[in-house]
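Below, all heavy atoms of this structure are taken into account, side chains as well, without hydrogens, waters or symmetry copies.
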Amino acid sequence: MRLLAAAALLAALLQLAGPAAARNLVNPRVRRGGGGGGGSGSSSSLTDPSATTATAAEDVCADPSDVNITAPYTNIWSETFYIPFDNDTDQNSPTSVHVIPPSSRLIRTTSPADITQSESDTIIGFLFSDSLGFNLTAIENATVSDNYIHSIELIRPNKSDALAYISGQTSTPPTRYAKVVINHFGQEDPVFRFYKVGPVPVTDATTIQPLTEIYRADPTRSFNSGPYDDQMTNAQDVPIAAAMTAIADITQDLLGYGWVYYGVDNASSTLYYETMAPLSADGQHRYGWTVFQVPGQQATASPVGLQMAFDFAGTDPSLYSLKAIWYNGQTWTCLEDLRADWEAGKIVRGLQLSPDVTWASTSRSSNDTWGTPELDSRHSPMAVEPDGKRYQVDKENRYVKWNDFEFFIATDGARGVALFDVKYAGERIIYEIGLQEAVAQYAGNDPAQLSTVYLDSYYGFGRLLFQMIEGYDTPYGATFLDSWANFNGETFIHADSIAIFEVDSNRPIQRHIEGWYTYYGTVESTRDPVLVVRSIATIGNYDYIIDYMFHFDGTIEFEVSASGYLQATYYFEGEYNHGYRIHDALHGSMHDHVISVKVDLDIAGTANSLQVVDIVQMKADIPDSWFPDYMHVGRHPNTMGIQRHFIDSEDDSKLSWGENGQGMIMVVNKNATNKWGELRGYRVAPGVGAVHRTITNPSPFITHGANWASTDLAATVRKDSEPYISDEFNQESHFIPLVDSNDFFDGESLDQEDLVLWVTLGMHHVPNSQDVPTTLAHTAHTSFILAPFNYFDSEQTRRSAQILEIDLENDVTTVTEYVPVPSCAVNLTAYAEVDAYVGLEEYHNVLVKGHHS
């Protein structure tokens with residue numbers, strides 16, 4: 001029904017003042033059937049989409065950049081530091097700062113960090129002191145047989161200490177400590193160790209001791225389980241280059257197109273390579289398969305069909321050795337056998353991959369079969385903020401407030417962005433929520449794909465956050481924060497790598513119409529604006545788009561979307577059961593993405609319980625006299641019901657979402673009820689693609705490194721000694737992982753305890769031709785939802801001013817709009833300057849080469 005048909009009348013109504021604009025219109029009584037509608041101002045003609053409408057407004061809309069607020073207290077999970085963007089410390093010193101500046105329009109003087117730069121400098125100076133005897137080498141001079149710093153990051157405070165501070169019980173923030181990982185590879189028994197350094201900043205009181213409180217056993221690991229970095233890459237290139245040089249004539253013949261590899265620094269090399277992970281299970285060996293590829297941004301998607309296995313154990317590259325060669329489904333254990341078969345003409349030749357990889361270009365192309373749609377050249381719809389920002393940000397403390405929500409943002413080198421102290425209407429509902437781990441387990445009938453399992457925290461969701469493009473990666477007008485990471489003793493700052501923005505969900509959060517077959521009744525509809533905190537981590541070939549989304553009613557969504565290039569494999573007959581052919585000589589390798597998220601809910605306090613409500617079929621307990629026509633033929637009616645029960649212990653808490661969605665999982669407080677006597681709680685529910693991994697029996701390539709990935713959800717009693725469900729170094733030590741999630745489940749009671757949920761989500765990715773050149777984020781995504789369940793006495797949207805009320809009575813339509821559309825003009829020139837994008841420019845020197853990251 002066209003209630004507001006006349007454009008002139010609408011324009012006049014938009015000038016109405018006051019918190020609610022009530023307006024009376026003659027009911028147009030729209031005519032059904034063919035032809036135009038009835039009523040004043042209606043028209044049956046279509047608007048010409050090419051026409052433009054001039055704005056007659058005199059005022060320009062509010063400044064979209066006005067977001068400033070002051071946090072109620074200091075961010076104790078992620079600090080800030082100050083550094084001019086033209087300052088790069090002496091490259092000859094043991095530490096240096098690499099700043100990736102934002103666009104000139106957004107130059108700032110502060111950057112968020114977990115350990116301040118001055119603290120990092122003093123920690124590094126402390127570690128280099130002769131008194132410690134570490135004999136460290138500055139990273140720019142380090143080799144695989146030296147002692148050098150791998151990483152420095154903040155140890156987040158214990159929850160009990162944090163709550164004492166943020167609740168005002170003490171005015172002193174928790175003491176700050178740093179986690180330091182040092183590669184002691186220059187000693188006879190090369191190992192890497194974890195240290196706790198503090199208090200920081202460094203003073204005479206600062207000490208260093210082994211970091212043990214978050215590990216069940218000594219976390220020291222051998223070199224063979226060590227972190228993959230440039231030093232290891234350079235060492236591994238020695239045997240790879242030697243082997244490939246010895247068979248250059250064979251590769252040119254079998255692979256065609258002059259494909260050869262002579263070494264990473266040899267300009268005559270035409271191939272690229274990637275070494276699969278893991279290389280070790282327990283540190284006793286370091287062995288893995290290397291895949292040769294067409295160089296370029298699409299390298300992982302363009303293997304040429306040759307794979308080699310090497311033993312990379314120990315710190316002496318001269319002892320590394322070739323163990324096997326694979327080509328087109330055939331295997332040799334030495335180069336001599338390969339050459340003998342090649343000279344005898346016994347090798348079954350496969351398809352050859354051309355160096356022309358324009359098919360993999362992500363640049364716009366008009367050569368596709370379908371061409372470009374007629375109106376696609378017009379700018380797509382965009383969100384505007386005519387009244388200015390509806391959220392506030394303290395950038396220094398990374399504190400955000402939107403409607404009744406408020407929270408702090410923190411970053412972690414391994415796990416990326418997390419949120420702390422999430423409150424609704426002043427009451428904490430979540431102490432911590434954040435990604436823990438992301439497993440990518442591949443499948444195939446070639447050795448590289450079969451053995452590939454990535455734990456992506458190993459490469460670093462926080463270390464690999466990069467600048468986002470306003471208007472493309474985010475809506476125009478987003479508020480950006482910077483992120484920071486320390487890697488190999490160097491500090492890297494990434495501008496505009498965390499985005500905060502508000503968008504409309506393009507659906508009402510609630511609506512209803514009464515009297516819908518009459519001209520009397522009411523209509524109400526409420527907009528559903530959503531606040532989003534977004535980061536994008538580019539880990540090797542994949543881009544993970546990670547969103548925290550907040551709705552007015554108290555609901556929170558967590559979503560991960562994936563894009564980027566496939567890790568494809570070479571096409572040959574043996575791959576048929578593991579995916580689809582995607583190009584001339586290429587096959588899409590199926591794989592699982594499985595993600596763990598920590599959710600520390602505090603529902604009306606920290607004492608909570610885990611409740612499961614099953615939806616079941618049950619026999620109706622009724623007298624026969626109710627439905628005698630059915631009863632006499634034995635058709636007693638069934639109905640639906642719920643069965644409530646609590647999960648008593650950790651051992652019983654490994655849960656699935658339930659077949660057909662016939663189950664609800666929630667965290668409740670037995671000592672807190674709403675007005676109706678029901679337990680206050682929050683429900684955790686699957687969103688899109690909530691899956692666990694396909695291979696549930698122990699795999700030799702992951703073993704115990706991700707035991708959490710075999711269930712949808714689990715709960716444990718929160719402990720300071722169990723901050724994470726996984727450890728980044730489980731990647732190369734999965735047989736004896738530093739953190740084994742199974743150790744968390746030791747029979748403790750879950751009755752009114754401080755609970756942590758470990759939520760599993762993900763996607764089974766079976767690549768097809770629609771993943772070429774890149775995977776599309778709208779089909780490769782997964783999510784879960786946290787929603788209030790009896791938490792309030794009623795739903796909260798009635799408090800929102802984003803509601804429209806329409807009353808129809810006595811042929812008069814009364815429209816009440818509490819937030820009328822502003823009549824100001826939107827200044828589009830205030831939006832993004834994408835030509836100032838900087839991106840990865842300054843980070844290339846630490847990107848891991850020749851390995852999935």
Side-chain angles (χ1 to χ4, degrees), residues 140-146 185 223-224 226-277 279-280 285-300 302-328 331-342 347 352-353 355 446-448 451-452 540 570 844-853:
E140 60 269 22
N141 300 319
T143 69
V144 75
S145 57
D146 289 318
F185 295 161
F223 165 86
N224 292 336
Y228 204 100
D229 54 23
D230 279 353
Q231 286 69 31
M232 289 192 177
T233 304
N234 294 334
Q236 291 176 187
D237 192 61
V238 174
I240 294 173
M244 287 293 287
T245 298
I247 60 169
D249 54 340
I250 299 177
T251 61
Q252 291 182 76
D253 176 49
L254 293 180
L255 306 181
Y257 299 102
W259 290 128
V260 291
Y261 185 79
Y262 299 114
V264 67
D265 295 322
N266 192 308
S268 297
S269 295
T270 57
L271 285 171
Y272 180 85
Y273 68 82
E274 175 185 11
T275 299
M276 301 296 113
L279 296 176
S280 182
H285 67 275
R286 193 172 181 87
Y287 173 98
W289 283 88
T290 293
V291 178
F292 293 91
Q293 304 157 332
V294 178
Q297 64 176 355
Q298 82 307 317
T300 61
S302 54
V304 296
L306 178 66
Q307 303 176 10
M308 289 183 172
F310 292 90
D311 182 348
F312 296 122
T315 60
D316 185 352
S318 69
L319 300 179
Y320 297 168
S321 60
L322 174 70
K323 293 299 183 182
I325 308 103
W326 180 95
Y327 165 74
N328 193 34
T331 304
W332 300 266
T333 57
C334 63
L335 294 178
E336 291 76 13
D337 289 349
L338 171 66
R339 180 168 291 280
D341 283 354
W342 176 66
I347 296 178
Q352 295 181 341
L353 189 62
D446 65 272
S451 62
T452 297
Y570 182 71
H844 284 166
N845 64 321
V846 296
L847 287 178
V848 176
K849 299 185 292 292
H851 194 72
H852 176 95
S853 57

For this session: Would you check, one step at a time, whether the test side-chain contact (heavy atoms from CB on, under 4.5 Å) holds for T290 with Q236?
Result: CA-CA 10 Å; T290 293; Q236 291 176 187; over 6 Å; no
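- Side-chain atoms of D237 never come within 3.5 Å of backbone atoms of N234 as a donor-acceptor pair (strictly under, hydrogens ignored).
- Using a 4.5 Å heavy-atom threshold, the side chains of S268 and V260 count as separate.
- Here the closest heavy-atom approach between residue W259 and residue T270 is recorded as CZ3-O, 3.1 Å.
- For the residue pair D146 / T143, a side-chain donor-acceptor distance below 3.5 Å is found, with atom types taken as modelled.
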For this session: Please step through side-chain contact (heavy atoms from CB on, under 4.5 Å) for the pair V264 and T233, ending with a clear verdict.
Result: CA-CA 10 Å; V264 67; T233 304; over 6 Å; no
Exercise. Can I240 and F312 be said to form a side-chain contact (heavy atoms from CB on, under 4.5 Å), step by step?
Worked result: CA-CA 10 Å; I240 294 173; F312 296 122; 4.2 Å; yes
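- In terms of modelled atom types and a separation under 3.5 Å, the side chain of S280 and the main chain of H285 share a donor-acceptor contact.
- When all heavy atoms are compared, the tightest approach of L254 to Y327 is O-OH, 3.7 Å.
- Using bins of under 30°, 30° to 60° and over 60° for the plane-to-plane angle, the ring pair Y273/Y261 lands in the perpendicular bin.
- A donor-acceptor pair under 3.5 Å is formed between the side chain of Q352 and the backbone N or O of D253.
- Between D446 and W326, the side chains place no donor N or O within less than 3.5 Å of an acceptor N or O (distance only, hydrogens not considered).
- No donor-acceptor pair under 3.5 Å is formed between the side chain of R339 and the backbone N or O of I250.
- Using bins of under 30°, 30° to 60° and over 60° for the plane-to-plane angle, the ring pair W289/Y287 lands in the perpendicular bin.
- Checked by atom type and distance alone, the side chain of Q298 pairs as donor or acceptor with a backbone atom of P295 at under 3.5 Å.
- S269 places a side-chain N or O within donor-acceptor distance of the main-chain N or O of Y262, the cut-off being under 3.5 Å.
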Problem set entry | Stepwise side-chain contact (heavy atoms from CB on, under 4.5 Å) check, I347 with L338 | CA-CA 8 Å; I347 296 178; L338 171 66; 3.8 Å; yes
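- At least one donor-acceptor pair closer than 3.5 Å links the side chain of D229 to the backbone N or O of M232.
- Remark: aromatic rings of F185 and F223 are close, center separation under 6.0 Å.
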